[in-house]
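Below you'll find the structure, written out as structure tokens, and then a few comments.
In what follows, chains are A, B, ... by sequence order, proteins preceding strands, each numbered from 1. Quick note: numbers below take in every heavy atom, side chains included, and nothing from hydrogens, waters or symmetry partners.
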6 protein chains.
Amino acid sequence: MEFQYENSFGVKGKIDQSKIAILPIGAVEAHGPHLPLGTDNILAERLSKKIAKRVNGLVLPTLPYGQVWSLRNFPGSIHISNRSLIAFLVDIGESLYKQGFKTFAMVNGHLGNQTALKEAARELYESCPELHVFYFFYPGMNKAAAEIRDKNASHTTYFHADEIETSYMIYLAPEFVEMEKAPADIPDIPAYVDATPVPWEDFTGTAVLGDASIATRDKGKYIIDIALENIVNILESFGEIE
Amino acid sequence: MEFQYENSFGVKGKIDQSKIAILPIGAVEAHGPHLPLGTDNILAERLSKKIAKRVNGLVLPTLPYGQVWSLRNFPGSIHISNRSLIAFLVDIGESLYKQGFKTFAMVNGHLGNQTALKEAARELYESCPELHVFYFFYPGMNKAAAEIRDKNASHTTYFHADEIETSYMIYLAPEFVEMEKAPADIPDIPAYVDATPVPWEDFTGTAVLGDASIATRDKGKYIIDIALENIVNILESFGEIE
Amino acid sequence: MEFQYENSFGVKGKIDQSKIAILPIGAVEAHGPHLPLGTDNILAERLSKKIAKRVNGLVLPTLPYGQVWSLRNFPGSIHISNRSLIAFLVDIGESLYKQGFKTFAMVNGHLGNQTALKEAARELYESCPELHVFYFFYPGMNKAAAEIRDKNASHTTYFHADEIETSYMIYLAPEFVEMEKAPADIPDIPAYVDATPVPWEDFTGTAVLGDASIATRDKGKYIIDIALENIVNILESFGEIE
Amino acid sequence: MEFQYENSFGVKGKIDQSKIAILPIGAVEAHGPHLPLGTDNILAERLSKKIAKRVNGLVLPTLPYGQVWSLRNFPGSIHISNRSLIAFLVDIGESLYKQGFKTFAMVNGHLGNQTALKEAARELYESCPELHVFYFFYPGMNKAAAEIRDKNASHTTYFHADEIETSYMIYLAPEFVEMEKAPADIPDIPAYVDATPVPWEDFTGTAVLGDASIATRDKGKYIIDIALENIVNILESFGEIE
Amino acid sequence: MEFQYENSFGVKGKIDQSKIAILPIGAVEAHGPHLPLGTDNILAERLSKKIAKRVNGLVLPTLPYGQVWSLRNFPGSIHISNRSLIAFLVDIGESLYKQGFKTFAMVNGHLGNQTALKEAARELYESCPELHVFYFFYPGMNKAAAEIRDKNASHTTYFHADEIETSYMIYLAPEFVEMEKAPADIPDIPAYVDATPVPWEDFTGTAVLGDASIATRDKGKYIIDIALENIVNILESFGEIE
Amino acid sequence: MEFQYENSFGVKGKIDQSKIAILPIGAVEAHGPHLPLGTDNILAERLSKKIAKRVNGLVLPTLPYGQVWSLRNFPGSIHISNRSLIAFLVDIGESLYKQGFKTFAMVNGHLGNQTALKEAARELYESCPELHVFYFFYPGMNKAAAEIRDKNASHTTYFHADEIETSYMIYLAPEFVEMEKAPADIPDIPAYVDATPVPWEDFTGTAVLGDASIATRDKGKYIIDIALENIVNILESFGEIE
């Protein structure tokens with residue numbers, strides 16, 4: 001159920017019944033020639049709807065801007081600082097808590113947001129101790145991606161517009177993928193990228209961190225389904241779903 | 001053109017050609033029994049698309065959360081503080097400026113945001129002096145509404161889910177209006193509401209500030225068309241449109 | 001009674017008896033050739049004394065600096081940011097609350113302060129929920145001025161050093177008015193001034209927004225008396241006056 | 001010359017000629033039974049006028065609120081945090097600099113403000129490196145007071161409503177002094193007061209830190225005249241006076 | 001060379017010659033019964049000295065407090081918020097830059113600090129664009145630890161007071177290790193720990209995340225030597241070492 | 001007892017028994033040709049250990065960075081802003097309070113930190129009202145130094161790397177003093193230094209504010225012993241020592 005299309009007369013009952021608010025959050029960020037700038041928003045939104053169905057959650061409007069420091073100089077990227085993002089998310093969480101929600105599940109489509117989401121969750125842990133706050137970024141995907149991918153990843157934790165993320169899009173939002181433009185770009189990411197600030201234009205011209213041309217719907221489905229199950233299981237283990 | 005569905009390879013040229021970024025901004029806020037919580041988002045978005053067509057602008061993803069202090073205790077409302085909202089908008093503006101935009105036009109669907117938008121515009125005036133920043137809230141609507149409305153307003157500056165805003169929705173997004181539920185609620189707003197913080201539950205149970213049952217598509221069209229012309233004229237007067 | 005001329009041995013009893021603290025707040029800002037930079041301070045102070053008499057209030061020392069972004073480039077203007085002003089006012093309010101006051105009435109002589117005053121009042125609403133906080137800016141003046149003015153206003157909400165404000169001064173502080181210098185300046189304020197940051201030097205060289213030469217004591221008295229009654233009525237309606 | 005009674009048409013020339021802005025700053029704070037709450041404001045203001053005459057300075061409106069942590073629980077005290085006070089003063093300084101002033105001389109009547117004034121001066125040192133910023137608190141008074149006082153001080157650096165400050169008032173503002181109520185209160189201030197936060201109600205019921213009954217106009221004049229000379233000399237040594 | 005034992009007359013030449021400032025940073029945090037609270041400080045310090053020898057760097061005094069949210073409730077842990085830590089590190093970095101350093105290498109002994117260090121590095125990237133800022137946390141250790149460890153890790157990214165970290169200590173600071181107390185504690189860390197704030201007392205009583213009893217000097221040496229080489233290589237690749 | 005060399009299994013009992021946490025805090029700052037940059041850290045640390053022995057306190061790791069605005073341009077100085085320093089210290093204090101400490105005694109070796117320490121103590125007074133917070137800077141040293149010194153001080157409150165501080169070092173840490181380099185530098189400090197920001201390079205090339213060549217162990221011992229007794233007495237008077 002999409003929260004913003006409810007009206008305030010009916011929504012109270014639905015909040016009381018569901019108690020789970022799901023916030024899709026992504027970014028506006030360069031994703032190569034074959035994927036749109038809003039890829040992370042689209043993914044977060046589609047995955048959130050699947051989660052909502054499973055856990056009887058209410059899907060909030062997508063927060064479509066995120067922290068994209070690394071790619072902020074690529075055409076079309078819009079960067080929000082961690083500080084601003086954290087403050088915004090804490091405000092949302094505190095409002096949800098006052099509205100009667102018991103769970104605030106952020107469904108994140110953009111790795112760069114994870115720092116802000118975690119920090120916001122910790123601030124809410126102090127100000128709303130009874131609210132369960134989650135920051136899901138495809139839980140279990142590292143293991144699942146290792147099993148399914150055909151080419152090695154460019155980097156142990158980063159993935160971007162590559163075999164994996166493109167597969168997510170083919171599975172969840174194929175109408176936004178232009179596979180004929182998908183590059184087989186596997187940049188050589190220097191080791192120091194984990195130890196000093198490096199804008200990604202230093203090592204890639206496409207913003208694609210892997211061979212996007214070998215992405216498939218099946219690969220996307222395999223990982224997304226695992227992530228979905230993990231999310232549902234975690235929410236269930238917290239007793240949020242009856 | 002919707003910005004987030006562009007890809008980064010094509011978007012640079014479009015930015016250079018248009019130079020106008022349009023940000024719809026609204027809120028999640030109670031709007032009575034006949035309008036959805038996301039009314040202000042929907043209005044901002046639809047109006048933004050009309051503006052974009054006229055001025056060859058690029059429509060950014062909607063920022064769907066706003067400052068709703070007055071109605072924050074109504075079911076479904078989500079409140080963002082001015083401080084957080086300002087910081088977020090300044091980040092967006094600075095990114096747009098670095099991306100090459102010359103104009104950042106915020107199209108606001110929620111009066112409560114106007115303070116934050118104005119302040120953000122002033123901060124950007126310092127940090128990005130060459131960027132033109134606008135915060136449009138239906139320019140000209142006060143005069144136009146006075147001409148067209150059948151019943152007096154409850155308040156000189158506030159309007160909410162009433163004859164006027166409901167008319168906007170019938171014109172711009174009729175599929176979200178349930179006219180059969182539209183109340184003829186005209187609360188008695190105390191004079192001190194302009195001089196001290198007053199949560200609106202003190203004087204209304206519906207969040208509707210006027211007779212919504214007499215809203216019509218024509219009234220909405222009349223005002224919105226005037227606002228649209230005013231916006232286009234202002235952008236033209238700044239030389240942003242060729 | 002002026003608060004700062006009391007001593008701490010006698011003041012406790014007076015606080016307990018009155019419970020109403022009145023803060024005049026204005027600005028140092030260009031007001032044309034015929035009015036002093038401190039016009040808003042003088043007006044706020046004189047009006048505050050009239051209020052105090054009526055409601056048995058205690059008048060705090062005037063806070064003589066305010067937010068004057070629009071005229072900050074005119075000779076003599078001193079600009080305080082909203083952020084600084086809000087923080088300062090919140091500190092004052094919290095102290096008053098700890099001192100035993102039940103009402104903190106800010107009497108504002110400068111429209112540009114209104115945003116900060118409202119925000120400060122909302123912050124105090126959270127931190128001192130039992131303190132009544134007011135931000136009065138000549139309540140009722142819009143209607144009264146429309147009745148009494150001889151020439152149309154340059155702008156629907158702004159008024160500055162014009163027929164109206166000059167009349168206030170002739171009524172409340174004639175010794176500071178040099179009517180022989182009063183200009184009949186009616187600038188053409190562009191419509192976009194409500195939608196983008198515009199320093200006022202763009203459309204006026206005098207900082208006078210109307211024909212000051214037709215100001216009279218009677219016009220000032222008419223509006224100020226109405227504002228005074230409105231303020232007294234609001235304070236009475238909150239049960240602050242016995 | 002009092003700045004706020006100038007008008008904006010004449011003030012530019014006066015700024016250019018004088019280049020010295022003088023800000024009296026004090027506090028609203030308990031000063032015993034014989035002195036008013038606004039003692040520090042009155043002193044700062046009267047001393048500022050003397051300085052202005054000597055150096056052809058322009059006296060800004062008094063900032064009448066300060067940091068009074070130690071006495072904040074005494075009746076009538078109003079406390080501003082250092083953070084708020086610093087921000088406010090930096091805004092004033094930056095405005096003065098843009099207005100063309102070369103010197104911003106804060107004349108402080110309240111020791112508790114000195115930390116904030118010094119910090120504000122250091123921030124302005126970065127943002128307006130060409131502005132000379134001063135924070136004068138009776139320079140030379142320690143030596144002069146030691147010479148003139150009849151009883152020992154309660155504390156090496158604190159003085160408050162005592163022999164010394166009461167003498168200042170008799171000299172500069174005798175109309176506000178009620179000598180018949182002046183207490184001979186010499187509290188025993190514990191040594192740890194310099195090493196841990198101690199609200200002054202722990203060791204005094206009057207807020208008077210010394211024998212006020214032996215204050216005289218001559219003692220006040222002796223120290224104030226020295227302080228005045230020191231201030232004038234310092235301003236001259238910076239080449240601010242021609 | 002330890003920076004703080006230099007004097008200011010000799011240090012300028014050494015800064016010019018070395019240009020590399022090395023900051024050890026750790027934490028005060030529970031590390032089980034066999035390791036001291038300051039384990040991360042000791043490790044960061046000893047590793048920093050090894051680096052300094054190789055790259056002719058100057059070792060700054062250890063910053064011995066860090067972000068220990070997860071273990072903050074264990075006896076002896078002292079927690080610094082990310083916000084405070086970031087601000088502190090940015091100040092250090094800006095001072096080093098003004099002192100003439102070209103490289104600021106933070107050598108981190110505590111994973112929980114990594115978020116703050118990365119953010120501080122990004123802030124310095126804006127304010128001191130010519131300063132190279134690094135945040136080293138045993139680069140290459142994940143791969144090396146996988147090769148050398150005898151038991152599986154409890155968690156893919158966390159390691160704490162376990163086989164690995166205890167080995168580091170036996171190698172670098174054996175005098176602080178009490179191996180006879182080293183527990184073989186392998187807690188079952190729930191999967192949701194990566195998706196919601198979880199204080200570690202929820203799943204461990206010892207704060208030890210693995211079998212510390214099988215730690216050896218050789219294991220420690222193997223990983224630390226790799227990390228040391230990686231750090232030296234990265235610094236060399238930036239041309240910081242001649 | 002040094003806190004960071006305890007382990008978390010034993011430390012709880014020691015906290016409960018002692019309840020006094022001692023934080024040495026100094027700075028990295030130019031101290032002339034004869035004393036190291038870390039002089040204030042070394043002094044704070046050595047004095048802290050003496051205090052700990054007397055009051056059964058636990059000595060935390062030294063915070064080795066402080067506010068050194070005045071000498072920040074001298075080689076080797078590292079400057080932390082008051083804002084950052086306050087935030088950091090408040091975090092430490094709040095953690096100590098949660099850990100069960102009843103007293104947080106900051107032992108300061110650097111006068112420039114005193115403002116931040118006092119402000120941090122006042123913030124903790126609000127957030128942890130039951131925690132006793134102290135900021136000791138050689139209590140009693142002014143009187144004692146006046147008795148023992150052979151040459152007059154350059155300034156009434158500043159002392160730096162001079163007869164006095166060098167004597168402290170000869171007493172507490174002689175291995176770091178190079179007396180053969182100790183200058184007899186007595187700069188002429190202008191009176192305005194107390195009234196406007198003055199970087200010390202304006203009046204000294206050595207950073208030494210007095211004749212360091214006449215420093216002796218006995219002078220240091222005389223003052224330090226008095227300061228130590230005063231600290232112990234204050235802690236005893238608060239009932240912290242049994």
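- Looking at B:E123 and C:P197, their side chains never come closer than 4.5 Å, going by heavy atoms from C-beta outward.
- For a residue to count as touching a neighbouring chain, one of its non-hydrogen atoms must lie under 4.5 Å from one of that chain's; by this rule B:Y125 touches chain C with the side chain only.
- B:T196 contributes atom OG1, which lies 11.0 Å from atom NZ of C:K118 (distance to the nearest 0.5 angstrom).
- Listed in order of number, the residues of residues 74-95 of chain C that approach chain B to under 4.5 Å between heavy atoms are C:N82, C:R83.
- Counting non-hydrogen atoms of neighbouring residues, nucleotides and ligands closer than 6.0 angstrom, the CG atom of C:D225 exceeds 12 such neighbours.
- Here B:W69 is the residue among B:F137, B:W69, B:F136 with the most heavy-atom pairs under 4.5 Å with chain C.
- Counting heavy-atom pairs under 4.5 Å between each of C:M106, C:Q114, C:E119 and chain B puts C:E119 at the top.
- Considering B:I231, B:I234, B:N233, B:N230 in turn, B:I234 is the only one that fulfils the side chain to side chain contact (heavy atoms under 4.5 Å, CB included) rule with C:Y192.
- With a 6.0 Å radius and a threshold of 12 heavy atoms from other residues, nucleotides or ligands, B:D150 has its CG atom above the threshold.
- Within 6.0 Å of the CG atom in B:N152, the count of heavy atoms belonging to other residues, nucleotides or ligands does not exceed 12.
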